[in-house]
Participant: 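Pasting a structure below so you can have a look.
Positions are given from 1, in the same order as the sequence printed here. Since the model is a prediction, treat every value here as computed from it, not as a measurement. In what follows, every heavy atom counts, from backbone to side chain, and hydrogens, waters and symmetry copies are set aside.
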Amino acid sequence: MSENVVHLHKHTDTPAAVDTAPTVLTVVPDAPPVRPVPLWVRSGRAVKTAVTHERTRSAGRAVVRHGLYTFNGGRIAARRAWDGRTGSRYERMIRAAEAAGNLEAAEEWEERLQRFRAARHHRRMDLLHSPVDAAKGVAVGAGMSVGVLVALGVVLAISTGQAADVVTPLSATIDFIALLIRIVQIVWGPAVTIGPFLALLALWSVGRKQHAAPQWALPAKVRSGEGEPITPSIVVKALRDLGVPALARAIKEMGDAGASMLGPITIAGCGVEVDVTLPSGVSTNEVQSKRRKLAENLTRHEHEVFITIPQAARTVRLWIADSGALDEPIGPSPLVTDETLTADYKKGKAPWGQDLRGDAAALSLYQRHLLITGLSNQGKTVALRSLALWLSLDKSVQFLMGDLKGVGDWAMFDGLATTLIQGPTDEHVIQVTEMVEGAVGEMNRRIQAPPGTTFPPLIVLVDEAQVAFMCPAKDEDKRPYGGSKANSRYFMAVRKIHNQGRAVNVLMWQGTQDPTNENLPKLVREGAHTRASLALGTESQARMALGDKAVDGGAAPNLLRPGLDRGTLVVASDGITIPAGQSSITVRTHYIDDDAAKAITDRAKALRDGVTTLHAIDRSAEHDPLADIAAVIGDAPRVRTKDVLARLATRNAGAYGEWSFIDLKRVLDDAGAEPYKSDGVMVVSRDRVTRALANRDTDGSASVE
């Protein structure tokens with residue numbers, strides 16, 4: 001009972017009942033003691049709430065802001081007055097020119113300083129004689145004025161006949177002067193009183209226009225700086241506050257003339273571009289490593305500022321986007337808007353998108369292996385597919401495709417690609433590996449052809465290639481399909497194409513996610529002539545994707561925003577126009593959806609005689625050459641013999657990978673479906689092969705009537 005608290009409750013319905021109502025004792029067990037909150041605690045909480053309230057903080061910022069506007073406005077006005085009266089401006093320009101190593105400019109500013117000093121000396125010498133000259137001038141002027149007034153009075157007296165009018169003009173002038181003196185006496189007192197306030201208002205106005213207050217005290221709109229145009233002073237201040245001591249000291253010695261470091265600020269697409277020549281003792285990588293801080297100093301987001309290294313020594317090139325401009329779409333692809341557009345593998349360039357300056361970015365695919373990397377769901381497949389869509393409009397190009405994602409992103413190439421394998425399983429990896437090995441066989445056949453022989457382009461495309469490299473499956477000889485060792489079948493097939501395929505137009509295109517040494521071996525990624533990357537997670541991944549040279553030159557796909565910069569690529573290739581002195585270019589690719597892609601492939605199919613697409617590689621030991629020839633011809637009335645050989649090698653690399661024209665001719669001659677010349681090239685007739693098969697199935701004979 002000792003821990004219980006006894007509460008007294010008096011039932012008082014009216015004031016009069018206070019003395020007469022009975023007292024009721026209520027025992028509340030285990031009730032905590034009720035202690036009054038000290039007054040000083042409540043006062044402290046109230047003060048804390050008042051101090052932290054947004055209105056209080058806004059009022060405090062306003063007081064500090066307007067006070068510093070006036071104080072710093074006075075400093076600015078005093079400095080301007082000092083610059084106007086002395087040669088300090090010229091001296092700052094001389095120091096800036098010397099710091100930049102421009103001796104000619106330094107000499108020119110020194111000559112201007114000498115002229116300024118000579119003119120100032122001349123003015124000071126004139127001041128020594130000015131009082132005497134002024135007194136003489138006043139005396140002469142007063143005498144002439146009195147004479148004129150008297151002459152005017154004489155004329156007035158003659159006109160009126162009153163002698164007193166002789167002094168009328170003079171007295172009127174004296175009265176007017178007295179009136180002016182009286183007005184000055186009346187106005188002088190208020191002017192002396194109001195004058196200091198007007199002077200303070202003028203200083204406040206100067207400070208406000210220059211935002212002469214700390215950043216935290218400025219209004220929210222000014223602090224954000226959204227949409228603020230880029231000017232030389234803004235760039236210089238951003239560099240000064242970058243946190244590089246040598247750079248800050250050099251700019252401080254230059255004074256306001258730090259803008260001499262800057263080249264012309266030019267409009268470049270949806271932003272501006274400026275070259276900055278760094279002072280001695282400051283390296284370009286010190287600026288590159290502080291990209292985020294530089295962007296924030298320029299009131300931009302990190303992804304809106306790009307730093308590259310041009311050819312000039314000690315120079316960085318800044319491209320600064322207009323605020324929010326990179327979040328706007330770039331418009332549809334010419335492949336979608338122009339239905340008459342065709343492709344030229346050798347001389348043409350694929351319309352891929354736009355660079356940051358808003359210029360069209362086109363990529364040459366001629367004899368270049370291709371690698372595109374990036375995080376998942378960043379637009380890798382669409383970017384890779386848009387290149388294949390353009391190239392499909394060249395009817396001479398053949399495709400072997402493996403989609404190891406298998407969700408239908410490449411389904412529109414059915415009837416256009418010679419082989420199209422879609423699926424993510426180990427069995428699909430095995431099929432894709434044998435497809436690539438078949439391309440190696442075709443490459444070897446082409447290499448052994450007579451010198452001067454030309455071959456149609458064969459694009460071997462594998463999307464989600466990391467699935468192949470990571471595949472644990474092994475063949476009957478215990479050789480792994482995946483991996484990066486010398487016995488890895490997929491790895492070695494890709495390496496062989498990289499080594500020799502370019503010379504005979506057999507090209508390897510790969511798309512892969514999240515590059516690492518495990519899912520994208522070093523030899524494979526370095527074998528690609530064109531390397532492009534979407535958003536990545538780390539700088540080490542960026543180096544794997546694009547190479548050390550591109551990253552050291554400013555390429556930074558790891559700084560792209562996942563999701564927000566979907567479809568934006570950093571490209572390192574000699575197949576695309578890159579500004580002089582840069583090692584890479586950033587491209588915002590056109591988005592082509594599945595419906596538009598299907599419409600483009602329909603146009604591409606109309607250009608061709610018809611292609612039978614294989615969806616699996618026949619790995620059976622038994623094979624029927626004549627039936628396989630009929631299968632690879634498909635619905636086309638005739639197919640060139642070299643195309644038949646290429647399709648056979650793709651269909652069954654083990655059986656037909658080493659075939660030559662002689663082997664093909666032997667089978668066809670034996671069946672009575674001999675190849676013949678059409679328009680100067682050897683072709684195989686579909687009707688002849690079909691009749692040969694029909695006759696063989698009927699009577700076992702391969703002869704054709």
Side-chain angles (χ1 to χ4, degrees), residues 269-271 303-304 306 319 321 325-338 341 343 348-365 368 370-393 403 405 409-410 412-413 459 461 463-464 509-513 515 528-536 542 545-546 550 555-579 582 584-601:
C270 57
H303 71 278
E304 294 175 330
F306 287 82
W319 184 84
L326 294 183
D327 297 329
E328 299 295 329
I330 64 172
S333 169
L335 292 172
V336 177
T337 58
D338 185 0
L341 187 67
K349 290 188 174 183
W352 211 6
Q354 293 180 0
D355 61 16
L356 295 177
R357 295 162 182 79
D359 300 328
L363 179 67
S364 173
L365 303 173
R368 290 179 175 87
L370 176 66
L371 173 65
I372 297 181
T373 63
L375 297 177
S376 177
N377 197 31
Q378 298 304 308
K380 170 180 52 62
T381 296
V382 173
L384 183 62
R385 189 176 67 182
S386 65
L387 297 177
L389 288 172
W390 176 79
L391 202 54
S392 70
L393 298 176
D403 175 16
K405 184 188 295 182
D409 290 335
W410 298 89
M412 67 286 302
F413 282 85
I459 306 300
L461 188 153
D463 194 13
E464 305 296 340
W509 290 10
Q510 294 184 97
T512 182
Q513 292 183 14
H529 302 100
T530 295
R531 301 167 70 173
S533 177
L534 295 107
L536 290 173
L546 300 177
N558 53 299
L559 297 181
L560 294 173
R561 301 167 298 169
L564 297 177
D565 289 325
R566 185 179 290 112
T568 299
L569 286 161
V570 182
V571 186
S573 172
D574 60 352
I576 193 170
T577 302
I578 297 178
Q582 297 181 200
S584 65
I585 186 171
T586 301
V587 177
R588 303 172 67 199
T589 59
H590 296 294
Y591 176 72
I592 302 177
D593 60 25
D594 291 347
D595 293 337
K598 188 176 185 305
I600 296 169
T601 53

Participant: Out of curiosity, Ser573 OG to Leu365 CG, how far, rounded to the nearest 0.5 Å?
Facilitator: 9.0 Å

Participant: Do you know the tightest heavy-atom contact between Leu546 and Ala550?
Facilitator: O-CB, 3.8 Å

Participant: Between Thr530 (side chain only) and Leu370 (backbone N and O only), is there a donor and an acceptor less than 3.5 Å apart?
Facilitator: no

Participant: Is the shortest side-chain heavy-atom distance between Leu393 and Leu335 below 4.5 Å?
Facilitator: yes

Participant: Side chain of His590, backbone of Gly331: donor and acceptor closer than 3.5 Å?
Facilitator: yes

Participant: Who passes ring pair (Phe, Tyr, Trp, His ring centres under 6.0 Å) against Phe306, sequence neighbours left out?
Facilitator: none

Participant: Starting from the C-alpha separation in whole Å, work towards a yes-or-no answer on side chain to side chain contact (heavy atoms under 4.5 Å, CB included) for Leu569 and Ile372.
Facilitator: CA-CA 9 Å; Leu569 286 161; Ile372 297 181; 4.2 Å; yes

Participant: Kindly give the heavy-atom pair with the smallest separation between Ile592 and Ser386, and that separation in Å.
Facilitator: CD1-CB, 3.9 Å

Participant: To the nearest 0.5 Å, what is the distance between OG1 (Thr577) and CG (Asp359)?
Facilitator: 9.5 Å

Participant: Hey, does the side chain of Arg566 reach the backbone of Asn377 with a donor-acceptor pair shorter than 3.5 angstrom?
Facilitator: yes

Participant: Given Leu387 and Trp509, is the side chain to side chain contact (heavy atoms under 4.5 Å, CB included) satisfied, shown in steps?
Facilitator: CA-CA 10 Å; Leu387 297 177; Trp509 290 10; 4.0 Å; yes

Participant: Do you know the tightest heavy-atom contact between Leu375 and Pro562?
Facilitator: CD1-CG, 4.2 Å

Participant: Are any of the side-chain heavy atoms of Leu536 and Pro515 separated by less than 4.5 Å?
Facilitator: yes

Participant: Looking only at heavy atoms, which two atoms of Ala535 and Gln378 are closest? And how far apart?
Facilitator: CB-OE1, 4.1 Å

Participant: Looking at side-chain heavy atoms only, is the closest gap between Arg531 and Thr373 below 4.5 Å?
Facilitator: no

Participant: Show, in sequence, the C-alpha distance, side-chain angles and deciding distance for Thr601 and Leu389, and conclude whether the side chain to side chain contact (heavy atoms under 4.5 Å, CB included) test is met.
Facilitator: CA-CA 7 Å; Thr601 53; Leu389 288 172; 3.5 Å; yes

Participant: Under a 4.0 Å threshold between the charged nitrogen and the carboxylate oxygen, would Arg368 count as salt-bridged to Asp574?
Facilitator: yes

Participant: Is the closest basic N to carboxylate O distance between Arg385 and Asp403 below 4.0 Å?
Facilitator: no

Participant: In sequence, state the C-alpha distance, the side-chain angles, and the governing distance for Trp390 and Ile600, and then conclude on side chain to side chain contact (heavy atoms under 4.5 Å, CB included).
Facilitator: CA-CA 8 Å; Trp390 176 79; Ile600 296 169; over 6 Å; no

Participant: How about Ile576 and Asp355: do any of their side-chain heavy atoms sit closer than 4.5 Å?
Facilitator: no

Participant: Return the set of residues passing side-chain hydrogen bond (donor to acceptor under 3.5 Å, both in side chains) with Gln513 (not counting sequence neighbours), or none when no residue passes.
Facilitator: Glu464

Participant: Rounded to the nearest 0.5 Å, what separation is found between the CD atom of Gln354 and the CD1 atom of Ile330?
Facilitator: 4.5 Å

Participant: Can you measure from NZ (Lys405) to OG (Ser376) and round to the nearest 0.5 angstrom?
Facilitator: 6.5 Å

Participant: Any idea which heavy atoms bring Leu341 and Pro351 closest together, and the distance?
Facilitator: CD2-CG, 4.4 Å

Participant: Within the side chain of Trp352, is there an N or O that forms a donor-acceptor pair under 3.5 Å with the backbone of Ala383?
Facilitator: yes

Participant: Working to the nearest 0.5 angstrom, can you tell me the gap between Asp338 CG and Ser333 OG?
Facilitator: 10.0 Å

